[in-house]
Amino acid sequence: MLGKSDAAAVRDLRSNVEDVAVPFLDTVSQPADLIANGVEEFRHWLSVGDENSRLREERLRLLQWEAIARKLEAENEQLRQLLRFPPPPDASFVTARIVSDTAGMFARSVLVNAGQRHGVDKHNIVLADRGVVGRIINVSEMASRVLLVTDLNSRIPVYVGPLRTRAILSGDNTDHPKLIHLPPNTSISVGDRIVTSGHGGVFPPGLSLGLVSATAELEASVDPYVNFEKIEFVRIAEFTARAIPQATANASSDSDDPILEDIGPVPLDFSWPVP
Amino acid sequence: MKKLAELSFDAAVRAIFPSATILVLIVAMAVPIRSSVPFLTAPSLPLLALFFWLLYRPDTIPAVAAFGFGLLHDILSGSPFGVHAIGYVVAHAAVSTQRRFFFGKSFSIVWLGFAVVVMGTFFLTWGLASVYHGTVLSPGSSILQAISTICVYPAFAWLLAHCEPSGPKKN
């Protein structure tokens with residue numbers, strides 16, 4: 001009951017223990033990672049021929065995608081200028097290392113070795129190279145706890161597939177979170193891409209989450225892009241929601257000013273700094 | 001005088017050794033193993049060590065210590081606060097009160113008793129976590145971890161028995 005009430009004393013105890021444990025875990029996990037990397041290197045060495053062929057094919061595919069991406073980037077910039085769309089603020093990042101395992105049976109969360117001292121705040125989003133990892137739920141001086149998207153308490157508003165069907169990505173403490181609250185008669189398919197929608201104000205829109213792996217009547221299973229067993233480094237990003245002015249209810253009919261439509265939930269802006 | 005100091009140091013080391021092993025195992029379980037080689041669900045080595053030391057060195061692990069170990073486990077694993085603390089305390093009570101049953105029994109009986117304690121503890125922690133989350137959690141991972149913990153008991157108990165310099169006290 002004390003834990004559920006999230007009393008300040010419980011939070012402080014967690015934070016103090018994590019502050020003490022994280023530097024030790026950080027040190028101890030490095031030899032473990034060295035051994036794991038050594039095993040992985042040996043396995044790669046055994047399959048180097050096949051890996052080379054696969055990488056050549058992937059490189060050709062990525063070169064094609066690069067061309068498409070550059071074309072879209074140019075088109076995007078033209079459209080932004082046309083619409084006089086204000087540029088989004090740059091995001092600030094902190095890179096951190098995961099120092100605790102996700103082996104808890106009742107929670108899917110990890111500890112990272114960055115805390116308040118490094119500029120991390122509660123509710124910051126956490127990203128890996130392939131997509132969203134989760135968000136910060138607890139911050140101490142030297143460490144932070146990340147709630148993974150696969151955790152039972154994780155709920156993320158998303159768009160699914162090319163039709164951008166709205167749903168909620170709900171963790172269930174397994175490796176395959178579920179899509180819930182799908183609209184009735186919705187048509188989503190295995191392989192549809194899932195991205196954050198930006199609703200709710202925690203995650204900015206457009207961040208990759210995973211692919212639909214199985215579908216059922218009113219829900220679907222998801223294969224996250226991120227391999228939570230293997231990630232080591234994550235980026236903790238901070239962003240702020242930007243408000244867009246809403247329409248005045250009593251705009252004059254003979255006014256020259258265009259009437260802005262009520263846009264509903266406030267969309268968020270987020271941009272990666274261009275390397 | 002020197003011999004007295006040595007004996008006191010030896011006694012102190014023997015007294016804290018069981019708690020130290022449990023503490024080390026709790027922290028070790030939190031260390032991530034990042035590999036694409038599939039692993040079985042990790043056994044609950046702290047619970048295994050707790051059972052072992054309560055059986056052979058009950059004077060070294062009071063109930064308060066078991067509670068503290070459980071809390072530490074909860075904090076490092078991100079589990080609901082108190083779930084493992086209560087589990088470890090109940091396991092402590094079960095082993096402490098039933099310890100005499102194992103006097104003079106074969107290893108198989110001890111192993112069976114360990115299996116009962118593990119299944120009971122995992123059922124309790126699973127139930128508490130389900131109550132905490134307000135939903136029935138999938139018991140699959142709990143069952144898998146309980147089975148892996150039971151399976152590694154013989155090897156790990158042998159290791160613990162031979163780690164302590166003077167070996168476990170006989171029942």
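For a residue to count as touching a neighbouring chain, one of its non-hydrogen atoms must lie under 4.5 Å from one of that chain's; by this rule A:N153 touches chain B with the side chain only. Looking at A:R14, the atoms closer than 4.5 Å to chain B (heavy atoms on both sides) sit in the backbone and in the side chain alike. Using a 4.5 Å cut-off between heavy atoms, B:L76 contacts chain A through both its backbone and its side chain. Of the two parts of B:H84, only the side chain, counted from C-beta on, holds a non-hydrogen atom closer than 4.5 Å to a non-hydrogen atom of chain A. Neither the backbone nor the side chain of B:S130 comes within contact range of chain A; no heavy atoms are under 4.5 Å apart. If you measure heavy-atom distances from A:I231 to chain B, the contacts under 4.5 Å come from the backbone alone.
Classification of the B:Y153-B:F51 ring pair by plane angle, with boundaries at 30° and 60°, yields perpendicular.
Counting heavy-atom neighbours within 6.0 Å of B:F107 CZ, excluding the residue itself, gives a total above 12.
Residues meeting the side chain to side chain donor-acceptor pair (under 3.5 Å) test with A:N37, sequence neighbours left out: none.
A cation-pi contact, defined as under 6.0 Å to the ring centre and within 45° of the axis, links B:K105 to B:F101.
Note: B:F123 and B:W126 meet the aromatic proximity criterion, with ring centroids under 6.0 Å apart.
Of the listed residues (A:L111, A:D172, A:N173, A:L13), the greatest number of heavy-atom pairs within a distance under 4.5 Å of chain B belongs to A:L13.
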All N/O donor-acceptor pairs, side-chain side in residues 15-26 of chain B, below 3.5 Å, sequence neighbours left out:
| residue | atom | partner | partner atom | Å |
| --- | --- | --- | --- | --- |
| B:T21 | OG1 | B:P18 | O | 2.6 |
| B:T21 | OG1 | B:W53 | NE1 | 2.9 |

